[in-house]
Amino acid sequence: MKLYTYFRSSAAYRVRIALNLKGLDYEALPVHLLRNGGEQLTDAYRAINPSALLPTLDDDGAVIGQSLAIIEYLEETRPQVPLLPVDPADRARVRALALTVAADTHPLGNLRVLKYLKHDLNLSEEVKLEWQRHWLRIGMATLETMLSGDARTGLYCHGDTPTLADCCLVPQVFGAQRFGVDLAPYPTVTRIHDACAGLPAFQQAHPSQQPDTE
């Protein structure tokens, strides 16, 4: 199993966590998002993933892009250590939490969006950074409300074992910390992040522990 990844990619970070939680071995193949204009934009990588995005999983010829699709694939093919609850309503809740990050928040601060803001719209670095922080704060606030207001929240996002939602929450908090977002208004999010950070699966997936870290 091969994972095309980048140490600081939030989406790749999600998949690394999921692979670790399931105890699956994989070969990390770094794709540098900045070097030489972005290695993800080369013809060689586009032949693997036409979207030119990370991550991409190659499972013995089954090539899959999009982090949530990859994790759902792993859930279906390696059901041991499940990352989704059994109950349909609970599964929907976990997916909704995950999508709050992966669909509603993260794309607005993705590298290609930020490059467009800076290079095509000629926005200053300060304005670009405030754009990032604005959407990160909104995403954090939404997660905080969803988590703090639901009795199904436990030690982790859903109950007392990590799920798909935690695979998404932790990288998003990393991004918020990286760009200087104050996490004090989001105590439930912070508590869950800290609980996850104590687990080896999350520790080993952290950007600082990747072979391509800078």
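Bear in mind that the values here come from a model prediction, so they are computed numbers and not experimental data.
Note on Met146 and Val101: same hydrophobic cluster, where clusters join Ile, Leu, Val, Met, Phe, Trp and Tyr whose side-chain heavy atoms are under 4.5 Å apart, directly or indirectly.
Contact annotation: the side chain of Lys115 approaches that of Leu111 to within less than 4.5 Å [non-hydrogen atoms, C-beta and beyond]. The shortest side-chain heavy-atom distance between Asp60 and Met1 does not fall under the 4.5 Å cut-off. Between Val189 and Gln172, every side-chain heavy-atom pair lies at or beyond the 4.5 Å cut-off. Side chains of Leu97 and Cys168 form no contact here, defined as non-hydrogen atoms less than 4.5 Å apart. Using a 4.5 Å heavy-atom threshold, the side chains of Tyr6 and Pro30 count as separate. Side-chain contact between Leu53 and Arg112 is present, with heavy atoms from C-beta onward closer than 4.5 Å. The shortest side-chain heavy-atom distance between Arg46 and Gln40 does not fall under the 4.5 Å cut-off. The side-chain heavy atoms of Arg8 and Gln210, taken from C-beta on, include no pair separated by under 4.5 Å.
Distance alone, capped at 3.5 Å, places no donor-acceptor pair between the Trp131 side chain and the Leu117 backbone. Here the side chain of Asp212 pairs a donor or acceptor atom with the backbone of Phe7 at under 3.5 angstrom. Although no hydrogens or angles enter the test, the distance criterion places a donor-acceptor pair under 3.5 Å between the side chain of Glu75 and the main chain of Leu84. A donor-acceptor contact shorter than 3.5 Å is absent between the side chain of Asn110 and the backbone of Val113. Side-chain N or O atoms of Arg91 include one that pairs as donor or acceptor with a backbone N or O of Pro85 at under 3.5 Å. Judged by distance alone, the side chain of Thr153 and the main-chain N or O of Leu147 form a donor-acceptor pair under 3.5 Å. A distance-only check finds no donor-acceptor pair linking the side chain of Asp59 to the backbone of Ala62 [under 3.5 Å]. Judged by distance alone, with hydrogens and angles left aside, the side-chain atoms of Asp160 form a donor-acceptor pair with the main-chain N or O of Leu155 at under 3.5 Å. In this structure a side-chain-to-backbone donor-acceptor pair under 3.5 Å is present from Glu39 to His32. Using modelled atom types, one side-chain atom of Glu144 and one backbone atom of Thr188 make a donor-acceptor pair closer than 3.5 Å.
When all heavy atoms of Lys22 and Val81 are compared, the pair lying nearest together is NZ-O, 3.2 Å. Minimum heavy-atom separation, Leu183 to Ala176: CD2-CB, 4.0 Å. When every heavy atom of Gly37 is checked against every heavy atom of Leu41, the shortest pair comes out as O-CD1, 3.5 Å. Taking all atoms of both residues into account, the shortest heavy-atom contact from Tyr45 to Pro55 is OH-C, 4.2 Å. Across all their heavy atoms, Leu83 and Ala18 have their closest contact at CD1-CB, 3.7 Å.
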Full working for side-chain contact (heavy atoms from CB on, under 4.5 Å) between Thr56 and Ile64: CA-CA 6 Å; Thr56 303; Ile64 305 159; over 6 Å; no

Asp150 and His158: CA distance, side-chain angles, deciding distance, side-chain contact (heavy atoms from CB on, under 4.5 Å) verdict: CA-CA 9 Å; Asp150 196 314; His158 190 88; over 6 Å; no

Verdict with reasoning, Thr105 to Leu143, per side-chain contact (heavy atoms from CB on, under 4.5 Å): CA-CA 10 Å; Thr105 307; Leu143 283 175; over 6 Å; no

Leu54 and Leu33: CA distance, side-chain angles, deciding distance, side-chain contact (heavy atoms from CB on, under 4.5 Å) verdict: CA-CA 9 Å; Leu54 289 173; Leu33 295 182; 3.4 Å; yes

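Of the N and O atoms on the side chains of Thr5 and Tyr13, not one donor lies less than 3.5 Å from an acceptor on the other residue.
Heavy atoms of other residues, nucleotides or ligands lying less than 6.0 angstrom from CG of Asp25 number 12 at most. The local environment of NZ in Lys128 is crowded, with over 12 non-hydrogen atoms from other residues, nucleotides or ligands closer than 6.0 Å. Within 6.0 Å of CD on Glu214 lie more than 12 heavy atoms contributed by other residues, nucleotides or ligands.
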Result block: side-chain N/O donor-acceptor pairs under 3.5 angstrom for residues 197-204, not counting sequence neighbours:
| residue | atom | partner | partner atom | Å |
| --- | --- | --- | --- | --- |
| Gln203 | NE2 | Ala197 | O | 3.1 |
| Gln203 | NE2 | Gly198 | O | 3.4 |

